[in-house]
Amino acid sequence: MANISTRFFGLNLKSPVIAASSSMTGNAEQVIKLAEAGAGAVVLKSIFEEEIYHELQEELSLRDDLHSDPEYLDYFDYVIKQEKISKYLKLIAEVKAKTTVPIVASVNCISSGEWTLFARKLEEAGADALELNMFVSPSDFNKSSSANEQFYIETVSKVLQVVSIPVSIKISHYFSNLALMAKKLSSSGIAGITVFNRFYTPDIDVNNQKIITADVLSSPDDYYLPLRWIGILSGNVACEMAATTGIHTVETALKFLLAGASAVQIASVLYKEGPEAITRMNNGISNWMDQKGYTSLTDFRGTLSQSASSTEAWQRVQFMKYFGEKAY
Ligand SMILES: Cc1cc2nc3c(=O)[nH]c(=O)nc-3n(C[C@H](O)[C@H](O)[C@H](O)COP(=O)(O)O)c2cc1C
């Protein structure tokens, strides 16, 4: 049987199929099931700085008397943060005691100051690696792209200074020069980059003329954008790459490996099928490798990436050659 072990998050993983951060990875019981199903690693649900502050604001809205008491506010802020953080640290310790699968903590912070504190505590609790879930929306009409990009670089550098576990980053595609940004991040000392995170997205209900939430889960066709960028970036940046978004089938996972990904991170298919989706993918990858005569992922990983095959195929964006042809 083919060996499907790989390296990502700066760790040796027994499978390239990783359970991505989501509410499925927010409790110990579920994490164990994902590990038993054969996940190469489990990324825990992110701890959100925004969430912590939101909780504080909610409590304050119910307690008018507290607004004018700075001492209490300080204390309250501290207690809530401590509770959230303690719960997360407990989860890390619990899953580390129950499984040998690599456990990756995930932090989403909006200010660079808080990162450091969280990161160090997560390492102390036993996390094998850390994933930074970072997203600065490029929707501020008064902020330059370089200011946004600087925030990523500075935050990564601050975290790297205080932890010794490997640090990876999961990013969106919202950069004015994604290739250069990925290259800069990859040279910053991080172990890996995952492309591209999927976010809450607004949609419109035309019948009720209201703004609603788009589907939370991805569909199997959502993988084209990350596939292109794995193809372009892998082999051209200084760290390992992983892919996320729209990876529901064995075939799609294989496409990413051929394009150069070291691993794939899956979430939506776990909601749809349960942890068995991981077993199905592991078996499917292994069977395909047996059929092709490959014994390890390195036999074929990245053979279709831009750096190993065709620049034109990955860079082409216009449908020029189809203009004038009959169907499309
Ligand atoms: C319900 C839900 C919750 C998620 N929560 C997080 C999170 O806390 N942190 C994070 O980095 N990504 C989070 N994600 C994104 C997933 O980790 C994953 O990268 C994304 O959904 C794309 O993969 P998929 O197409 O397999 O769902 C969440 C996704 C879903 C569907």
Side-chain angles (χ1 to χ4, degrees), residues 8-9 15-27 30-31 34 37 39-52 54-55 84-85 87-88 91-92 103-110 115 118-119 122 127 129-137 152 155-156 159 167-174 190 192-201 203 213-230 241-256 261 263-278 280-281:
F8 192 67
F9 295 128
S15 157
V17 182
I18 293 165
S21 176
S22 77
S23 49
M24 295 273 293
T25 62
N27 70 77
Q30 199 63 41
V31 171
L34 293 164
V42 178
V43 186
L44 299 181
K45 171 82 187 148
S46 297
I47 180 161
F48 283 80
E49 189 183 338
E50 274 167 307
E51 195 184 347
I52 294 162
H54 179 67
E55 204 166 296
K84 279 269 174 192
I85 295 167
K87 217 169 139 196
Y88 202 77
L91 174 65
I92 295 173
I103 298 297
V104 182
S106 168
V107 186
N108 174 283
C109 284
I110 48 171
W115 284 104
F118 288 153
L122 299 167
L130 175 59
E131 181 175 82
L132 304 181
N133 163 14
M134 290 186 68
F135 178 53
V136 182
S137 174
Y152 285 83
T155 307
V156 166
V159 174
V167 179
S168 296
I169 185 166
K170 183 154 83 162
I171 57 171
S172 75
H173 60 280
Y174 291 104
I190 56 167
I193 302 176
T194 297
V195 296
F196 294 113
N197 206 352
R198 192 163 183 276
F199 303 99
Y200 165 88
T201 308
D203 195 2
T213 308
D215 279 347
V216 172
L217 302 183
S218 66
S219 74
D221 281 343
D222 287 344
Y223 71 86
Y224 295 115
L225 189 66
L227 183 65
R228 178 195 285 268
W229 284 96
I230 288 289
M241 298 291 306
T244 189
T245 293
I247 303 159
H248 291 223
T249 66
V250 171
E251 192 183 2
T252 306
L254 286 167
K255 289 180 187 186
F256 278 101
V264 291
Q265 293 208 34
I266 59 171
S268 294
V269 73
L270 296 176
Y271 283 93
K272 289 179 183 173
E273 289 181 26
E276 298 74 33
I278 294 172
R280 176 175 60 77
M281 282 199 192

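Bear in mind that the values here come from a model prediction, so they are computed numbers and not experimental data. Counting starts at 1 for both ligands and their atoms, in listed order.
The single protein non-hydrogen atom nearest to atom 15 (C) of ligand 1 is Asn197 OD1, 3.3 Å, given as residue, atom name and distance. The protein non-hydrogen atom at the shortest distance from atom 1 (C) of ligand 1 is Tyr271 OH, 3.3 Å. The shortest contact between atom 26 (O) of ligand 1 and any protein heavy atom is with Ala267 N, 2.8 Å. Closest to atom 25 (O) of ligand 1, if we only count protein heavy atoms, is Ser218 OG, 2.5 Å. The nearest heavy-atom contact from the protein to atom 8 (O) of ligand 1 is Lys45 NZ, 2.9 Å. Scanning the protein for heavy atoms near atom 20 (C) of ligand 1, the closest one is Arg198 CB, 3.7 Å.
At least one heavy atom of Thr245 sits less than 4.0 Å from an atom of ligand 1. For Tyr223, the heavy-atom gap to ligand 1 stays at 4.0 angstrom or more. Taking a 4.0 Å cut-off on heavy atoms, Asp222 fails to register as neighbouring ligand 1.
Among Val43, Leu44, Ile92, the one residue that satisfies the side-chain contact (heavy atoms from CB on, under 4.5 Å) test with Val104 is Val43.
Taking only nitrogen or oxygen atoms, main chain and side chain alike, Lys170 reaches within less than 3.5 Å of ligand 1. The shortest N/O to N/O separation between Ala20 and ligand 1 does not fall below 3.5 Å. Of the polar atoms of Thr244, at least one N or O is found under 3.5 Å from an N or O of ligand 1, judged by distance alone.
Separating the OG atom in Ser168 from the CD1 atom in Ile190 is a distance of 6.5 Å, to the nearest 0.5 Å.
Residues Ile18 and Phe8 have side chains in contact (heavy-atom distance under 4.5 Å, counting atoms from C-beta outward). Put simply, the side chain of Ile278 reaches to within 4.5 Å of the side chain of Leu270, judged on heavy atoms. With contacts defined as side-chain heavy-atom distances shorter than 4.5 Å, the pair Pro275/Leu34 qualifies.
Checking side-chain atoms of Thr201 against main-chain N and O of Ala214 turns up no donor-acceptor pair under 3.5 Å. Between the side chain of Asn108 and the backbone N or O of Asn133, at least one donor-acceptor pair lies under 3.5 Å.
Counting heavy-atom neighbours within 6.0 Å of Tyr271 OH, excluding the residue itself, gives a total above 12.
Note: Phe196 and His173 have perpendicular aromatic rings, judged against thresholds of 30 and 60 degrees for the angle between ring planes.
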Determine, stepwise, if the pair Tyr223 / Ser218 fulfils side chain to side chain donor-acceptor pair (under 3.5 Å).
CA-CA 9 Å; Tyr223 71 86; Ser218 66; over 6 Å; no

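Remark: among candidates Ser21, Ser22, Ser46, Ala242, the nearest residue to atom 16 (C) of ligand 1 is Ser21, based on non-hydrogen atoms. Considering each of Ser268, Ala277, Ser219, the one bringing a non-hydrogen atom nearest atom 27 (O) of ligand 1 is Ser268.
Listed by atom number, the atoms of ligand 1 under 4.0 Å from Ile266 heavy atoms are 26 (O).
Residue contacts with ligand 1 for Asn133 involve side-chain atoms from C-beta outward but no N, CA, C or O (heavy atoms, distance under 4.0 Å).
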